[in-house]
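Please read all numbers here as calculations on a predicted model, not as lab measurements.
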Amino acid sequence: MSELKSDFLRILTERDFIHQVTDLEGLDAKMAEGPISAYIGFDCTAPSLHVGSLVQIMMLRWLQKCGHKPIVLLGGGTSRVGDPSGKDESRKLMTDEIIADNMRGIGSIFAQFMNFGDGASDAMMVNNGEWLDKLEYISFLRDVGRHFTINRMMTFDSVKLRLEREQPLTFLEFNYMILQAYDFMELGRRYDCALQMGGSDQWGNIVNGIELGRRVDNRGLFGLTTPLITTADGKKMGKTADGAIWLNDGSLSAYDYWQFWRNTQDGDVGKFLRLFTDIPMDEVRRLEALEGSEINDAKVILANAATAMCRGLDAAKAAEATAKETFERGGAGADLPTIEITGARLGEGVNIVDLLLEAGLGASKGELRRLVQQGGAKVNDVKVDSIDVTISATDLNDGLIKLSAGKKRHALVRTAG
């Protein structure tokens with residue numbers, strides 16, 4: 001097609017966000033005419049989102065920067081059902097109290113990435129429980145359910161893959177796609193929302209909402225999805241040996257968040273600068289062209305930009321300073337993850353493997369025993385030579401003990417009580 005007219009779609013195309021669009025020319029024309037409202041839904045399945053959701057959040061950020069209105073839809077209602085997309089088995093049902101707690105944790109993330117308020121392009125946060133919790137079941141089936149055929153629903157990946165693997169799909173989950181479609185129609189009615197965005201696994205759900213809005217309200221709606229983001233070695237982005245990379249400060253320290261980006265593989269630097277920062281593209285191209293040891297400079301820039309956006313500029317600066325102190329000068333940076341143990345227990349002595357596990361520097365005792373046996377563990381920058389080593393108060397250095405697992409994972413131990 002001809003060159004895109006809307007800034008938003010041009011930026012998303014240049015930075016490799018787009019996988020599929022229902023009507024690219026129609027959406028481009030509408031966005032070029034003036035501001036629109038667009039939404040992405042986030043179910044409240046944990047107290048925080050992780051970096052797997054960051055592509056979606058960045059799209060909402062770019063939407064606002066281009067003068068449009070982002071709608072963050074929190075799934076207070078749909079979280080009571082659970083999205084079957086990409087899942088081999090049913091999610092465990094959560095209580096309303098857990099969902100409410102998760103919603104508060106997730107909701108706090110977005111203020112770091114966009115501005116909320118009453119202005120034309122200010123973001124807004126909406127809970128779909130506002131309308132889903134009030135639905136009258138029989139009326140809903142008559143008014144909405146009749147627009148969905150079982151034949152069509154059986155063709156969507158969220159249903160088909162579960163059945164092909166002979167994994168049970170509950171009737172509750174089967175209703176999820178109808179509820180999400182209803183969300184899109186309701187947001188169109190309430191806020192003139194014209195676009196739903198999401199990951200590639202949401203394509204079927206988005207198309208359902210577009211068709212429902214057309215059939216019931218004769219409303220022209222659009223859908224856009226992002227590709228599945230994988231790392232250079234083919235793994236799903238954000239999955240690490242140590243677990244998910246959470247966006248909330250309470251779930252993952254700013255230092256560990258910074259380290260995640262600093263440890264990006266060379267082949268992913270350009271991709272991650274495009275997707276997870278708003279650094280201008282000319283600079284991105286310069287940074288991704290760096291070779292040899294210079295690529296590490298680009299990784300530090302990536303880590304600083306990504307951390308500043310999510311945790312604040314001060315947190316990014318502190319994390320970089322801690323990393324320099326730890327790696328370049330062999331010190332114990334003040335921002336390292338820290339655990340506390342009682343002075344009495346330290347006086348008795350703690351086995352090195354147990355202490356490394358408590359500090360979160362490994363997933364199991366077996367993994368950490370192998371680490372020690374292979375010479376990968378250090379206490380106060382001195383290699384540990386046996387799994388039987390006992391750490392005691394004599395190892396305190398200015399009131400702290402520095403633990404290291406390999407070259408990149410570190411923690412501090414301090415006494416309490």
Side-chain angles (χ1 to χ4, degrees), residues 1-32 36-43 51-64 66 68 70-73 75 78 83-87 147-149 151-162 164 176-185 187-188 193-215 219-231 234 236-238 271-272 274-276:
M1 63 170 290
S2 58
E3 185 178 348
L4 293 166
K5 303 181 186 70
S6 72
D7 291 339
F8 178 67
L9 290 175
R10 272 203 307 270
I11 289 170
L12 258 57
T13 299
E14 186 175 35
R15 301 182 85 100
D16 300 328
F17 278 90
I18 297 179
H19 179 57
Q20 291 174 293
V21 184
T22 53
D23 175 8
L24 181 60
E25 290 189 12
L27 179 60
D28 184 46
K30 186 173 183 64
M31 297 189 86
I36 71 163
S37 297
Y39 92 98
I40 299 177
F42 301 87
D43 274 344
V51 294
S53 298
L54 199 50
V55 170
Q56 318 307 325
I57 297 173
M58 288 299 297
M59 283 202 298
L60 292 174
R61 178 180 171 88
W62 280 115
L63 187 81
Q64 185 173 63
C66 292
H68 303 282
I71 299 175
V72 176
L73 182 67
T78 43
D83 185 357
S85 300
K87 300 291 178 290
H147 295 288
F148 296 81
T149 68
N151 315 59
R152 181 85 188 282
M153 293 168 76
M154 294 285 285
T155 67
F156 288 112
D157 285 345
S158 59
V159 174
K160 186 168 60 175
L161 293 177
R162 185 82 70 83
E164 286 176 354
Y176 187 93
M177 65 180 73
I178 300 178
L179 297 176
Q180 185 169 323
Y182 186 75
D183 282 346
F184 200 178
M185 185 174 74
L187 289 170
C193 181
L195 170 65
Q196 181 184 357
M197 302 183 290
S200 57
D201 62 338
Q202 295 299 311
W203 180 252
N205 291 335
I206 292 172
V207 170
N208 274 336
I210 291 170
E211 293 180 352
L212 182 64
R214 176 177 54 80
R215 289 172 179 167
R219 186 183 295 272
L221 301 174
F222 301 89
L224 184 155
T225 62
T226 57
L228 176 67
I229 307 301
T230 56
T231 56
K236 191 173 181 180
M237 196 267 177
K271 179 197 294 186
F272 287 3
R274 281 174 167 79
L275 294 172
F276 303 118

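At least one donor-acceptor pair closer than 3.5 Å links the side chain of Arg15 to the backbone N or O of Arg274. Remark: the backbone N or O of Met185 is not paired with any side-chain donor or acceptor of Arg219 at under 3.5 angstrom. A donor-acceptor pair under 3.5 Å links the side-chain atoms of Arg215 to the main chain of His147, judged by distance alone. With Lys271 contributing its side chain and Thr231 its backbone, the two residues share no donor-acceptor pair below 3.5 Å. Between the side chain of Thr225 and the backbone N or O of Gly198, no donor-acceptor pair lies under 3.5 Å. Remark: side-chain polar atoms of Asp28 are paired, donor with acceptor, to backbone N or O of Ser6 under 3.5 angstrom.
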Should Glu211 and Asn208 be marked as a side-chain hydrogen bond (donor to acceptor under 3.5 Å, both in side chains) after you check the CA-CA gap, both sets of side-chain angles, and the distance that decides it? CA-CA 5 Å; Glu211 293 180 352; Asn208 274 336; over 6 Å; no

Does the pair Phe42 and Leu73 meet the rule for a side-chain contact (heavy atoms from CB on, under 4.5 Å), with working shown? CA-CA 6 Å; Phe42 301 87; Leu73 182 67; over 6 Å; no

Just do the side-chain contact (heavy atoms from CB on, under 4.5 Å) check on Phe276 and Val55 with the steps written out, would you? CA-CA 7 Å; Phe276 303 118; Val55 170; 3.5 Å; yes

Would you sort out whether Leu4 and Glu25 count as a side-chain contact (heavy atoms from CB on, under 4.5 Å), showing the intermediate values? CA-CA 8 Å; Leu4 293 166; Glu25 290 189 12; over 6 Å; no

List the steps, then state whether side-chain contact (heavy atoms from CB on, under 4.5 Å) holds for Leu221 with Arg214. CA-CA 7 Å; Leu221 301 174; Arg214 176 177 54 80; over 6 Å; no

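Taking the side chain as every heavy atom from C-beta outward, Leu187 and Tyr182 never approach each other to under 4.5 Å. With contacts defined as side-chain heavy-atom distances shorter than 4.5 Å, the pair Thr230/Met237 does not qualify. Proximity of Thr22 to Ile210: side-chain heavy atoms (C-beta onward) are separated by under 4.5 Å at one or more points. The shortest side-chain heavy-atom distance between Leu54 and Arg61 does not fall under the 4.5 Å cut-off. No side-chain heavy atom of Tyr39 sits less than 4.5 Å from a side-chain heavy atom of Pro70. Counting heavy atoms from C-beta outward, Leu224 and Leu24 have side chains that stay 4.5 Å or more apart. By the 4.5 Å heavy-atom criterion applied to side chains, Thr226 and Met197 are not counted as neighbours. Between Phe17 and Met58, the closest side-chain pair of non-hydrogen atoms falls below 4.5 Å.
The minimum heavy-atom distance between Trp203 and Val21, with the atom names listed, is CH2-C, 3.8 Å. When all heavy atoms of Asp16 and Pro227 are compared, the pair lying nearest together is O-CG, 4.1 Å. Of all non-hydrogen atoms in Gly26 and Phe222, the two that sit nearest each other are C-CE2, 3.6 Å. Across every non-hydrogen atom of Ser37 and Ile71, the tightest pair is CB-CD1, 4.1 Å. Nearest heavy-atom pair across Ile229 and Phe272 is CG2-CE1, 4.5 Å.
When only modelled atom types and interatomic distance are considered, Gln180 and Gln202 share a side-chain donor-acceptor pair under 3.5 Å.
Taking OG1 of Thr13 as the reference point, atom CD1 of Ile18 lies at 3.5 Å (rounded to 0.5 Å). Rounded to the nearest 0.5 Å, atoms SG (Cys66) and CE (Met31) are 7.5 Å apart. Expressed to the nearest 0.5 Å, how far CE of Met59 lies from CZ of Phe8 amounts to 6.5 Å. Atoms CD1 and CG, on Ile206 and Asp183 in that order, are 12.0 Å from each other to the nearest 0.5 Å. With values rounded to the nearest 0.5 angstrom, Leu228 atom CG is found 6.0 Å from Lys236 atom NZ.
Screening Asp7, Leu60, Leu195, Ile36 for a side-chain contact (heavy atoms from CB on, under 4.5 Å) with His68, the sole residue that qualifies is Ile36.
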